[in-house]
Trainee: 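I am attaching a structure below and will ask some questions about it afterwards.
Residues: numbered from 1 along the sequence shown. Bear in mind that the values here come from a model prediction, so they are computed numbers and not experimental data. Values below: all heavy atoms of this structure, side chains included; hydrogens, waters and symmetry mates excluded.
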Amino acid sequence: MAASGKLSTCRLPPLPTIREIIKLLRLQAAKQLSQNFLLDLRLTDKIVRKAGNLTNAYVYEVGPGPGGITRSILNADVAELLVVEKDTRFIPGLQMLSDAAPGKLRIVHGDVLTFKVEKAFSESLKRPWEDDPPNVHIIGNLPFSVSTPLIIKWLENISCRDGPFVYGRTQMTLTFQKEVAERLAANTGSKQRSRLSVMAQYLCNVRHIFTIPGQAFVPKPEVDVGVVHFTPLIQPKIEQPFKLVEKVVQNVFQFRRKYCHRGLRMLFPEAQRLESTGRLLELADIDPTLRPRQLSISHFKSLCDVYRKMCDEDPQLFAYNFREELKRRKSKNEEKEEDDAENYRL
């Protein structure tokens with residue numbers, strides 16, 4: 001059954017519906033893998049349309065499952081579609097699509113978290129970072145369990161211009177739990193503003209383009225699903241190493257309901273905490289009573305730039321982790337308690 005909508009003049013030949021394939025192959029969504037199948041081909045067509053013009057494009061689809069979005073991508077007249085699927089149960093159904101679109105669909109049994117997509121397509125597709133995005137796209141209905149770690153991994157790839165971004169400013173169109181989608185696109189001051197908001201928006205133009213109701217999926221998840229489009233920026237809004245930005249942002253948002261100085265204090269060892277936090281805030285010109293969600297990307301840029309200078313002055317500072325200091329302190333206290341108990345027995 002061809003997908004609905006007029007994406008292009010190239011159409012797949014008649015095929016069993018996604019529901020029929022699921023029944024034929026006796027497929028069931030694995031709860032432990034947070035799998036949810038999207039069966040409405042009008043919605044899969046819409047996801048593909050929102051990805052942009054895919055005519056003669058090279059597409060990397062993550063988590064194709066039974067192949068709903070896969071069909072819509074193939075119907076968009078792409079040059080090549082590469083799918084990476086971890087669950088072997090879905091391979092036979094995807095092979096049906098490959099047989100129906102000879103030379104168009106390449107199937108890899110693998111894990112998207114470790115797959116080396118930078119070697120998957122021709123070198124000729126690479127474009128300078130300053131140019132328009134390359135004719136390479138990433139599309140996927142991500143399992144909820146991998147969506148956040150995967151987007152963080154890809155954001156780091158954008159920062160380093162490696163992984164899927166060796167081809168240039170590769171665009172991504174991905175699904176997330178609605179709450180996560182809202183966080184990714186949340187503006188300064190929004191209640192949804194979070195670590196993900198800052199990490200995504202300092203590197204990309206992020207748009208939450210539409211929401212899919214949970215009942216469109218099988219099995220129905222407890223939440224609705226948001227479709228988010230990412231276009232990497234030519235110039236990141238914070239020009240510091242990804243890990244440094246991530247550390248500053250994480251520390252700020254770990255106390256999201258407190259004033260921002262509360263989280264920033266945790267960047268520094270206890271012995272110098274108050275003095276160093278005051279210096280950081282003063283040099284970055286940040287009001288210490290702002291809440292984390294009130295900090296703009298410009299605020300974070302100032303904080304990261306000043307923190308980088310402080311790390312350059314004290315090379316051991318960046319490696320400092322307050323949780324490790326707490327563990328050491330707890331361990332010393334436990335040892336002292338054991339010694340005191342032993343002395344008491346003696």
Trainee: With rounding to the nearest 0.5 angstrom, report the CZ to CZ distance, Arg291 to Phe255.
Mentor: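 Arg291 atom CZ to Phe255 atom CZ measures 13.5 Å (nearest 0.5 Å).
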Trainee: How long is the gap from CZ on Arg71 to CD1 on Ile69, to the nearest 0.5 Å?
Mentor: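 Answer rounded to 0.5 Å: 13.0 Å.
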Trainee: Decide whether Tyr259 and Phe322 are clustered together by the hydrophobic rule: side chain heavy atoms of Ile, Leu, Val, Met, Phe, Trp, Tyr closer than 4.5 Å, transitively.
Mentor: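 No.
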Trainee: Can you check whether Arg193's main-chain N or O pairs, donor with acceptor, with Arg256's side chain at less than 3.5 Å?
Mentor: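 Between the backbone of Arg193 and the side chain of Arg256 there is a qualifying donor-acceptor contact (under 3.5 Å).
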Trainee: What residues form a side chain to side chain donor-acceptor pair (under 3.5 Å) with Gln215, not counting sequence neighbours?
Mentor: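 Expected list: none.
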Trainee: With a 3.5 Å distance limit and no angle check, can you tell me whether Thr170 reaches the backbone of Pro164 through a side-chain donor-acceptor pair?
Mentor: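 Checked: pair present.
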Trainee: To the nearest 0.5 Å, what is the distance between CZ (Arg42) and CD1 (Ile47)?
Mentor: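 The CZ atom of Arg42 sits 13.0 Å away from the CD1 atom of Ile47.
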Trainee: Should His229 and Thr231 count as side-chain neighbours, where that means a heavy-atom distance under 4.5 Å?
Mentor: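 In short, these two side chains touch, coming nearer than 4.5 Å.
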Trainee: Show, in sequence, the C-alpha distance, side-chain angles and deciding distance for Arg279 and Glu282, and conclude whether the salt bridge (charged side-chain N to carboxylate O under 4.0 Å, His left out) test is met.
Mentor: CA-CA 5 Å; Arg279 182 178 172 221; Glu282 181 181 1; over 6 Å; no
Trainee: My understanding is that only residues two or more places apart in sequence, or in another chain, count here; which of them pass salt bridge (Lys or Arg N to Asp or Glu O under 4.0 Å) with Glu222?
Mentor: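 Glu222: no salt bridge (Lys or Arg N to Asp or Glu O under 4.0 Å) contacts found.
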Trainee: Does Phe242 have any ring-ring contact (aromatic ring centres under 6.0 Å, His included) partners at least two apart in sequence or in another chain, and if so, which?
Mentor: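 Here no residue qualifies.
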Trainee: Kindly list each side-chain donor-acceptor pair under 3.5 angstrom involving residues 146-159, sequence neighbours excluded, with atom names and distances?
Mentor:
from   : atom 1 : to     : atom 2 : distance (Å)
Ser147 : OG     : Phe144 : O      : 3.2
Asn157 : ND2    : Asp162 : OD1    : 2.9

Trainee: What distance do Ile73 atom CD1 and Leu105 atom CG have between them, rounded to the nearest 0.5 Å?
Mentor: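 Between atom CD1 of Ile73 and atom CG of Leu105 there are 9.5 Å.
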Trainee: What side-chain hydrogen bond (donor to acceptor under 3.5 Å, both in side chains) pairs are there with at least one residue in residues 108-119, not counting sequence neighbours?
Mentor: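 Those involving residues 108-119 do not exist here.
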Trainee: Going by the rule side chain to side chain donor-acceptor pair (under 3.5 Å), which residues pair with Lys247 if we only count those two or more places apart in sequence or in a different chain?
Mentor: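 For Lys247 the side chain to side chain donor-acceptor pair (under 3.5 Å) partners, ignoring immediate neighbours, are Tyr307.
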Trainee: Whether the Glu123 and Tyr167 side chains hold a donor-acceptor pair (N or O, under 3.5 Å, no angle test) is what I'd like checked.
Mentor: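 Side chains of Glu123 and Tyr167: no pair found under 3.5 Å.
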Trainee: Are Thr188 and Leu295 close enough, and set up right, to give a side chain to side chain contact (heavy atoms under 4.5 Å, CB included), and what steps lead you there?
Mentor: CA-CA 6 Å; Thr188 305; Leu295 296 178; 6.0 Å; no
Trainee: Given 3.5 Å as the limit, does a donor-acceptor pair link the side chain of Ser98 with the main chain of Gln95, or not?
Mentor: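 Judged by distance alone, no pair lies under 3.5 Å.
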Trainee: May I ask you to check whether His299 and Ser296 show a side-chain donor-acceptor distance below 3.5 Å?
Mentor: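 Note: His299 and Ser296 side chains meet the donor-acceptor criterion.
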Trainee: Any side-chain donor-acceptor pair under 3.5 Å between Ser276 and Gln272?
Mentor: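 Per modelled atom types, Ser276 and Gln272 side chains form a pair under 3.5 Å.
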Trainee: Glu85 side chain to Gly65 main-chain N or O, any donor-acceptor pair under 3.5 Å?
Mentor: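 Checking the backbone N and O of Gly65 against the side chain of Glu85, a donor-acceptor pair under 3.5 Å is found.
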Trainee: Ignoring hydrogens and angles, tell me if any N or O in the side chain of Arg127 forms a donor-acceptor pair with the backbone of Gly168 under 3.5 Å.
Mentor: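 Such a contact is absent between Arg127 side chain and Gly168 backbone.
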Trainee: Could you go step by step and tell me if Glu80 and Lys104 meet the salt bridge (charged side-chain N to carboxylate O under 4.0 Å, His left out) rule?
Mentor: CA-CA 5 Å; Glu80 182 180 3; Lys104 292 277 189 180; over 6 Å; no
Trainee: To the closest 0.5 Å, what do you measure between CZ (Arg265) and NZ (Lys258)?
Mentor: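 Separation between the atoms: 11.0 Å.
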Trainee: Run the side chain to side chain contact (heavy atoms under 4.5 Å, CB included) check on Phe300 and Met199 step by step: do they pass?
Mentor: CA-CA 10 Å; Phe300 277 104; Met199 297 305 295; over 6 Å; no
Trainee: Please set out all donor-acceptor pairs under 3.5 angstrom arising from side-chain atoms of residues 129-140, sequence neighbours excluded.
Mentor:
from   : atom 1 : to     : atom 2 : distance (Å)
Trp129 : NE1    : Leu233 : O      : 3.1
Trp129 : NE1    : Ile234 : O      : 3.2
Asn135 : ND2    : Asn56  : O      : 2.9

Trainee: Can you name the residues that form a side chain to side chain contact (heavy atoms under 4.5 Å, CB included) with Asn321, not counting sequence neighbours?
Mentor: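 So Asn321 forms a side chain to side chain contact (heavy atoms under 4.5 Å, CB included) with Arg323, Glu324.
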Trainee: Evaluate the criterion side chain to side chain contact (heavy atoms under 4.5 Å, CB included) for residue pair Arg195 and Gln254; output intermediate values, then yes/no.
Mentor: CA-CA 9 Å; Arg195 171 183 71 110; Gln254 69 179 317; over 6 Å; no
Trainee: How about CG on Asp285, more than 12 heavy atoms from neighbouring residues, nucleotides or ligands closer than 6.0 Å, or not?
Mentor: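 Counting other residues, nucleotides and ligands, CG of Asp285 stays at 12 neighbours or fewer.
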Trainee: Does Phe230 form a side chain to side chain contact (heavy atoms under 4.5 Å, CB included) with Gln171? I'd like the steps, not just the answer.
Mentor: CA-CA 6 Å; Phe230 303 82; Gln171 297 177 81; over 6 Å; no
Trainee: Is there any side-chain hydrogen bond (donor to acceptor under 3.5 Å, both in side chains) pair reaching into residues 174-186, and which pairs are they, with sequence neighbours excluded?
Mentor: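 Qualifying pairs, neighbours excluded: Asn141-Thr175, Glu179-Arg183.
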Trainee: Restricting to side chain to side chain contact (heavy atoms under 4.5 Å, CB included), what partner residues turn up for Asp305, sequence neighbours left out?
Mentor: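 Residues passing side chain to side chain contact (heavy atoms under 4.5 Å, CB included) with Asp305: Gln240, Lys301.
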Trainee: So, the side chain of Thr277 versus the backbone of Leu274: is there a donor-acceptor pair under 3.5 Å, distance only?
Mentor: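 No, because the side chain of Thr277 does not come within donor-acceptor range (under 3.5 Å) of the backbone of Leu274.
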Trainee: Where the side chain of Arg273 meets the backbone of Phe268, is there a donor-acceptor pair that is under 3.5 Å apart?
Mentor: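 Yes, the answer is positive, given that a donor and an acceptor are paired below the 3.5 Å cut-off.
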Trainee: For the pair Thr70 (side chain) and Pro66 (backbone), establish whether a donor and an acceptor sit closer than 3.5 Å, ignoring hydrogens and angles.
Mentor: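 Absent.
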Trainee: For Pro292, give me all partners under side chain to side chain contact (heavy atoms under 4.5 Å, CB included), at least two apart in sequence or on another chain.
Mentor: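 Testing Pro292 for side chain to side chain contact (heavy atoms under 4.5 Å, CB included), a comparison that skips the adjacent residues, returns Val252, Phe253.
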Trainee: Run the side chain to side chain contact (heavy atoms under 4.5 Å, CB included) test against Ala181 and tell me which residues pass, sequence neighbours left out.
Mentor: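 By the side chain to side chain contact (heavy atoms under 4.5 Å, CB included) rule, Ala181 matches Phe176, His208, Val228.
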